[in-house]
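Report on the structure given below.
Order of the sequence lines sets the chain letters (A, B, ...), proteins ahead of strands, with each chain counted from 1.
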There are 2 protein chains.
Amino acid sequence: MESRCENCIIRQFNSLRAMSKEELKHVSDSKITKTVKKGEALFEEGDKLNGVYCVRNGISKLSKLSANGKDQIVKLATKGEVLGQRSVIAEESTNLSAIAVQDMEVCFIPKESITNTLQKNPNFTMEVLRHMAHDLKEADDVIVNISQKTVKQRIAEAFLYLKNNFGEDEQGFLALTLSREDISNVVGTATESAIRIISEFKKLGLIHTSGKKIGIKDERKLMEMVEGF
Amino acid sequence: MESRCENCIIRQFNSLRAMSKEELKHVSDSKITKTVKKGEALFEEGDKLNGVYCVRNGISKLSKLSANGKDQIVKLATKGEVLGQRSVIAEESTNLSAIAVQDMEVCFIPKESITNTLQKNPNFTMEVLRHMAHDLKEADDVIVNISQKTVKQRIAEAFLYLKNNFGEDEQGFLALTLSREDISNVVGTATESAIRIISEFKKLGLIHTSGKKIGIKDERKLMEMVEGF
DNA sequence: GGGATTCTATGACAATTGTCAGGTTTAGGA
DNA sequence: TCCTAAACCTGACAATTGTCATAGAATCCC
């Protein structure tokens, strides 16, 4: 499994694709491949990162602890995403924790490889900038959603998001299974409220469940619900 | 008032400071200084921007319309900030509207000046990247605040924010006077709820008001309230 | 396999927040 | 100045959401 970045398909999805052959070689020589088990942390809020993590497989939640002791999940990162970029660039400690919600395979890339390339390869810098611009827009959207939509709408939206971004398994369940608590932390509500609404959706025939697994039954109605009908 | 960017102090506050003398000259030659009256828009959500706006004076709200017809204010931008950068970099139409909440003086800089410099001056690109990283962190904080704090806490926090970022006038009122509606759009609540809580704060002796103007009387208690006491 | 622990579920209730409906005040233009 | 429109304010009520308590189901680990 000891493969080279030059041959890694994953990098096509992120800013590493703007690196030159040589830069990639350097990254490949300095990178460390790690396995992270479900529930384990890649890094925790406040950590000083001395590198970034390129996700090869699995999914991580990026969350932030609030004063009242609840986690707010800000983003779910999957194959191809680079975590910790923001902190390395701003030279600050991270404002988010990254915890695996599925077993993961990641490549740790020391920050020197990144900062060196940033200084020498404008294309790479520009590519990173574009990604960051995209993330910022997404964050704005989250702000608007969370503050203007009801919990019910946000949960409906979360399910659609999970389907669109992570797909479904053979039996029609969402491929990414989150605990009820994680779901409530994504939409920013109490776990009990999330559970109650999930039950309601089930009664309404919008979804079906099996254990933790959730499947979408009536996508159209869910979409209408998000829009406020 | 037709001044040159090379001499403009404002640029010390933003990424333009990483430009070379020559680049600044070019920007200065191509820029257009504009006055924007309170209530007028610099640009509206969905517009294709062919440049960025450097704020010389006054304050603008950056907001996004939600499905239910309410504006959510995502950020308040003041002297020194550059608006529209994200859209120009990502080559997308804007996701936000920028509307003056005070009379403003801004310099419009055509996007060619920006993109050219981005291609040629890595220092500038890096500086822009750092700013964007900062904005992204702030956005994350807003997400957590808005989803985990009560309306009362968010309003208290908003007042402290306004004091810290825009200061007070001679009589001890917040220098930036927002309408009750704008306040409610910052914290993401109904206007009536905001008004009610402002009345309550007044009764509790936390603030005092005169017309629209609001002054902070008991900063410590407001801070405690934000923390959840 | 069994016991402990964590996760899910539901009820009852209280607190928060939004909505509607009305008033009053303020600000700006004719 | 006065008139009008907009902004502000308050009450009453309903809907939403959070909290606490409790119980069953699933899962993990020895």
Side-chain angles (χ1 to χ4, degrees), chain A residues 37-40 66-72 99 101-103 145-156 158 173-174 177-204 207-215 225-226 228-229, chain B residues 37-40 66-72 99 101-103 145-156 158 173 177-204 207-214 225-226 228-229:
Chain A
K37 286 244 173 305
K38 177 175 171 176
E40 286 177 3
S66 72
N68 64 28
K70 278 189 188 160
D71 259 345
Q72 173 67 37
I99 295 173
V101 293
Q102 285 183 351
D103 291 353
N145 272 333
I146 227 165
S147 75
Q148 304 283 5
K149 289 189 175 148
T150 66
V151 174
K152 216 175 285 188
Q153 288 176 304
R154 270 139 55 200
I155 290 186
F173 291 108
L174 293 173
T177 302
L178 293 174
S179 71
R180 304 297 193 248
E181 191 182 359
D182 278 342
I183 293 176
S184 70
N185 289 343
V186 167
V187 301
T189 189
T191 308
E192 295 94 326
S193 297
I195 289 175
R196 230 180 287 276
I197 288 169
I198 290 171
S199 300
E200 198 189 326
F201 282 5
K202 201 158 51 172
K203 272 178 206 140
L204 290 172
I207 60 174
H208 57 118
T209 66
S210 162
K212 296 184 197 242
K213 285 189 287 185
I214 290 174
M225 177 160 281
V226 172
F229 298 114
Chain B
K37 288 242 173 306
K38 178 176 169 174
E40 286 177 2
S66 71
N68 64 28
K70 279 187 187 161
D71 259 343
Q72 173 67 35
I99 295 173
V101 292
Q102 285 183 349
D103 291 354
N145 272 333
I146 228 165
S147 74
Q148 303 284 5
K149 288 187 176 151
T150 65
V151 174
K152 215 175 284 187
Q153 289 176 304
R154 270 138 58 198
I155 290 187
F173 291 107
T177 302
L178 292 174
S179 71
R180 303 296 194 249
E181 192 182 357
D182 278 341
I183 293 176
S184 70
N185 288 343
V186 167
V187 301
T189 188
T191 308
E192 294 95 325
S193 297
I195 289 175
R196 231 180 287 275
I197 288 169
I198 290 171
S199 300
E200 198 188 325
F201 282 4
K202 200 157 55 172
K203 274 181 204 137
L204 290 172
I207 60 173
H208 56 118
T209 65
S210 162
K212 292 181 199 246
K213 285 188 289 187
I214 290 174
M225 176 160 282
V226 172
F229 298 115

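- Distance CZ (B:Arg180) to P (D:dA7): 13 Å, rounded to an integer number of Å.
- In terms of heavy atoms, A:Ile99 sits closest to A:Gly39 at CG2-O, 3.6 Å.
- Remark on DNA chain D: of its neighbouring residues A:Lys70 and A:Lys212, the 5'-side contact belongs to A:Lys70, judged by nearest-heavy-atom nucleotide.
- Protein chain A contacts DNA chain C from C:dC7 to C:dA12, reading 5' to 3' and using non-hydrogen atoms of the protein with a distance under 4.0 Å.
- Nearest-nucleotide positions on DNA chain C for B:Ile197 and A:Leu178 put A:Leu178 closer to the 5' end.
- Minimum heavy-atom separation, B:Phe201 to B:Ile155: CE2-CG2, 3.9 Å.
- At distances below 3.5 Å, not a single donor-acceptor pair connects side-chain atoms of A:Arg180 with backbone N or O atoms of A:Thr191.
- Within residues 181-195 of chain A, the residues approached by DNA chain C to less than 4.0 Å at the level of any non-hydrogen atom are A:Glu181, A:Glu192, A:Ile195, in residue-number order.
- The distance between atom CD1 of B:Ile198 and atom P of D:dA7, rounded to the nearest whole Å, is 15 Å.
- Side-chain contact between B:Ile214 and B:Ile183 is present, with heavy atoms from C-beta onward closer than 4.5 Å.
- Contact detail for A:Ile146 and B:Ser147: the closest heavy-atom pair is CD1-CB, 3.6 Å.
- Between B:Arg154 and B:Asn145, the closest heavy-atom pair is CD-O, 3.6 Å.
- Here A:Ser66 pairs with A:Asn68, A:Lys70, B:Val144, B:Gln148 under the side chain to side chain contact (heavy atoms under 4.5 Å, CB included) rule; sequence neighbours left out.
- Nearest-nucleotide assignment on DNA chain D puts the 5′-proximal partner with B:Ser179, out of B:Ser147 and B:Ser179.
- Looking only at distances, a side-chain donor or acceptor of A:Gln72 sits under 3.5 Å from a matching main-chain atom of A:Asn185.
- Judged by distance alone with a 3.5 Å cut-off, a donor-acceptor contact links the side chain of A:Arg196 to the base of D:dT19.
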